[in-house]
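Comments concern the structure below.
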Amino acid sequence: MQDKYNPDIAWVYSSDLEPALIMQKNPLESIKSIIRRMNLECEDGLPKEVYVTVFKEQFCSDSKWIIQMLPGDMLDLLMEIWESDQIEMDQERWDMVQYLKIFGLVTYRRGNPITGEPNELHYIEEMKDTFYFLLKSKKSRTIIKEYGEWEKIISGLFYYYGLIEIPVLHQRFTKIIKQVIPYELFQSFIKSRCSFWGMGMILQDVNKETEYFQHVNVENAELTLLYIREHPDLPYKVPEKEDLIYISEAGGLDNRWKGIGELGKILLDDMKMDYYQATVMVKMLVVLIQNSCEWKELQGKLSTLPFRSEEMKNEAVEAVTILYDKVPIFEYKGFNRQEFNKMFHQKQLKKKKEMFTIIEGGK
């Protein structure tokens with residue numbers, strides 16, 4: 001029955017509401033941010049209705065925006081809403097529905113277990129008429145799939161680099177996918193892809209007019225940027241595409257890095273931590289290492305754990321020691337300490353060789 005509450009089900013209805021009325025409910029700064037991400041000029045001090053009009057007209061008049069801004073899983077959910085009378089819902093889907101609402105595509109009402117009111121999703125008929133056949137086309141599905149891979153590769157690079165100039169990121173990206181992508185398209189994709197918003201922010205160096213992406217895990221962007229600029233000869237590491245997709249899907253924690261498996265075994269099997277606690281602990285240590293923390297800081301974090309024996313503690317320290325050398329460092333442009341020290345050593349040897357010249361004919 002449609003009038004009965006079910007937390008895992010939402011009933012779907014069409015709505016003739018104006019998309020602008022739904023967009024109007026977004027915070028003003030959110031609307032202005034989206035307009036800027038569309039590379040449109042955004043003057044301050046105008047009425048909110050003006051910004052909403054610009055947002056809606058641009059979003060609906062150029063078909064690239066819905067494909068470029070919304071990731072594939074959100075568009076799949078949108079298609080399911082358009083084609084169903086009821087759909088299954090979980091928290092992840094409710095989160096996606098909130099994003100769809102930002103763009104005036106749907107609105108919703110959460111149910112009430114006490115009164116028995118059901119969950120309801122209302123798709124906006126005008127937006128379905130505008131985008132349904134576009135998103136249904138084979139060409140669009142191909143682009144959506146391709147953009148999904150782009151997103152994973154780029155987010156993987158963010159986990160390695162932490163802070164990077166967007167033009168340099170473009171060079172690394174095209175090298176990895178072995179395909180020529182116009183910089184303007186890449187820049188637009190980075191700025192507009194809504195699933196990137198929570199990963200960090202785009203910064204602009206006013207003096208050099210250079211844009212950077214700063215990952216949320218970077219603790220001190222100024223120091224990281226200073227070190228990067230002091231080592232212009234150090235190239236950015238270019239991981240394999242498969243590795244970038246893996247780390248993106250794993251939320252920045254590559255279980256194949258040496259030390260992670262060993263430490264995880266100790267936390268899960270020996271200390272009987274639950275999986276979530278163990279993952280949080282390992283992730284915290286990884287982020288510290290990526291931010292070039294001192295070894296004593298890692299020791300301090302480990303000392304708070306309730307080791308049952310000195311042997312167990314020593315095993316954990318040994319695992320973290322390995323991790324300390326193997327995790328990519330933001331300041332080292334994605335190289336780990338072991339790789340960086342090896343390159344530094346090789347450069348020193350090269351300098352020594354260049355200090356001397358062999359004199360022919362000597363005895």
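Ion pairing between a basic and an acidic side chain is recognised when a charged N comes within 4.0 Å of a carboxylate O; Lys191 and Glu211 show such pairing. Salt-bridge check for Asp270 with Arg308: failed, with every basic side-chain N at 4.0 Å or more from each acidic carboxylate O. The existence of a salt bridge linking Glu83 and Lys136 is confirmed by a sub-4.0 Å separation between a basic side-chain nitrogen and an acidic carboxylate oxygen. Arg36 and Glu41 are not joined by a salt bridge, as no carboxylate oxygen comes within less than 4.0 angstrom of a charged side-chain nitrogen.
Atom CH2 of Trp82 sits about 6.0 Å away from atom CG of Leu105, to the nearest 0.5 Å. Interatomic distance, Met281 CE to Leu302 CG, rounded to the nearest 0.5 Å: 7.0 Å. Taken to the nearest 0.5 Å, the CD1 atom of Ile329 stands 7.0 Å off from the CD1 atom of Ile289. In this structure, Phe335 CZ and Lys237 NZ are separated by 6.5 Å, a value rounded to the nearest 0.5 Å. In this structure, CZ on Phe131 lies 9.0 Å from CD1 on Ile67, to the nearest 0.5 angstrom. Atom CG in Leu28 sits 9.5 Å away from atom CG in Leu46 (nearest 0.5 Å).
Within 6.0 Å of the NZ atom in Lys25, the count of heavy atoms belonging to other residues, nucleotides or ligands does not exceed 12. Other residues, nucleotides and ligands place no more than 12 heavy atoms under 6.0 Å from the CG atom of Asp16. Environment of CG in Asp85: sparse, with no more than 12 heavy atoms of neighbouring residues, nucleotides or ligands closer than 6.0 Å. More than 12 heavy atoms of other residues, nucleotides or ligands sit less than 6.0 Å from atom CD of Glu230. Gln277 CD: more than 12 foreign heavy atoms inside a 6.0 Å radius.
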Candidate pair Lys56 and Glu126, rule salt bridge (Lys or Arg N to Asp or Glu O under 4.0 Å), full reasoning
CA-CA 12 Å; Lys56 179 190 180 277; Glu126 179 183 334; 3.1 Å; yes

Under the side chain to side chain contact (heavy atoms under 4.5 Å, CB included) criterion, do Met38 and Ser188 qualify, and how do the steps go?
CA-CA 7 Å; Met38 291 176 163; Ser188 178; over 6 Å; no

Tell me, with the steps shown, if Gln290 and Val327 meet side chain to side chain contact (heavy atoms under 4.5 Å, CB included).
CA-CA 7 Å; Gln290 287 182 304; Val327 169; 3.5 Å; yes

Using side-chain hydrogen bond (donor to acceptor under 3.5 Å, both in side chains), reason through Glu311 and Ser309 one step at a time and then give a plain yes or no.
CA-CA 5 Å; Glu311 180 183 2; Ser309 68; 5.0 Å; no

Step-by-step side-chain hydrogen bond (donor to acceptor under 3.5 Å, both in side chains) determination, Ser15 to Glu125:
CA-CA 6 Å; Ser15 172; Glu125 193 69 44; over 6 Å; no

For Lys145 and Thr142, run side chain to side chain contact (heavy atoms under 4.5 Å, CB included): C-alpha distance rounded to whole Å, both residues' side-chain angles, the deciding distance at 0.1 Å, then the answer.
CA-CA 5 Å; Lys145 183 179 180 181; Thr142 300; 5.9 Å; no

Evaluate the criterion side-chain hydrogen bond (donor to acceptor under 3.5 Å, both in side chains) for residue pair Glu165 and Thr210; output intermediate values, then yes/no.
CA-CA 7 Å; Glu165 293 181 32; Thr210 302; 4.7 Å; no

Kindly indicate, with the supporting measurements, whether the criterion side chain to side chain contact (heavy atoms under 4.5 Å, CB included) is fulfilled by Ile228 and Thr224.
CA-CA 6 Å; Ile228 289 173; Thr224 302; 4.0 Å; yes

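When atom types are taken as modelled, the side chain of Asp254 and the backbone of Arg256 share a donor-acceptor pair closer than 3.5 angstrom. Counting only distance, with no hydrogens or angles, the side chain of Lys152 and the backbone of Tyr246 share no donor-acceptor pair below 3.5 Å. Judged by distance alone, the side chain of Ser30 and the main-chain N or O of Asn26 form no donor-acceptor pair under 3.5 Å. The main-chain N or O of Glu184 is never found under 3.5 Å from a side-chain atom of Gln187 such that the two would form a donor-acceptor pair. Using modelled atom types, one side-chain atom of Ser137 and one backbone atom of Ser140 make a donor-acceptor pair closer than 3.5 Å. For Lys241 (side chain) and Ile177 (main-chain N/O), no donor-acceptor pair under 3.5 Å exists by modelled atom type. Between the side chain of Asn119 and the backbone N or O of Trp11, no donor-acceptor pair lies under 3.5 Å. At distances below 3.5 Å, at least one donor-acceptor pair connects side-chain atoms of Asn291 with backbone N or O atoms of Glu219. Put simply, the side chain of Thr174 gets close to the backbone of Gln171: a donor and an acceptor are under 3.5 Å apart. Put simply, the side chain of Asn220 gets close to the backbone of Leu223: a donor and an acceptor are under 3.5 Å apart.
Annotation: side chain of Met343 is in contact with side chain of Leu234 (closest heavy-atom distance under 4.5 Å). Contact of the Ile154 side chain with the Leu244 side chain is not registered, since no non-hydrogen atoms from C-beta on lie closer than 4.5 Å.
Using modelled atom types, one finds no donor on one side chain facing an acceptor on the other under 3.5 Å when comparing Glu318 with Asn314.
Not counting sequence neighbours, the partners of Glu80 by the salt bridge (Lys or Arg N to Asp or Glu O under 4.0 Å) test are Arg93. Every residue two or more places apart in sequence or in another chain was checked for a side chain to side chain donor-acceptor pair (under 3.5 Å) with Lys48, and none qualifies. In this view, Glu29 and Lys32 satisfy the salt bridge (Lys or Arg N to Asp or Glu O under 4.0 Å) rule, not counting sequence neighbours.
Residues Tyr161 and Phe330 place their aromatic rings such that the two centres sit no closer than 6.0 Å. Aromatic ring centroids of His122 and Tyr108 lie 6.0 Å or more apart.
The cluster map of Ile, Leu, Val, Met, Phe, Trp and Tyr, joined by side-chain heavy atoms under 4.5 Å apart, puts Val168 and Ile166 in the same cluster. No single ILVMFWY cluster, assembled from side-chain heavy atoms under 4.5 Å apart, contains both Val218 and Phe340.
Between Tyr147 and Trp150, the two ring planes are tilted [angle within 30° to 60°]. Using a 30° and 60° split on the angle between ring planes, His170 and Phe186 fall in the tilted class, from 30° to 60°. Between Tyr160 and Trp257, the ring planes lie perpendicular to each other; the angle is over 60°, past the 30° to 60° tilted range.
With Phe158 as the fixed residue, the ring-ring contact (aromatic ring centres under 6.0 Å, His included) test singles out one of Phe173, Phe213, Tyr212: Phe213.
A cation-pi contact links Arg337 to Tyr324, judged by a cut-off of 6.0 Å to the six-membered ring centre and 45° from its axis.
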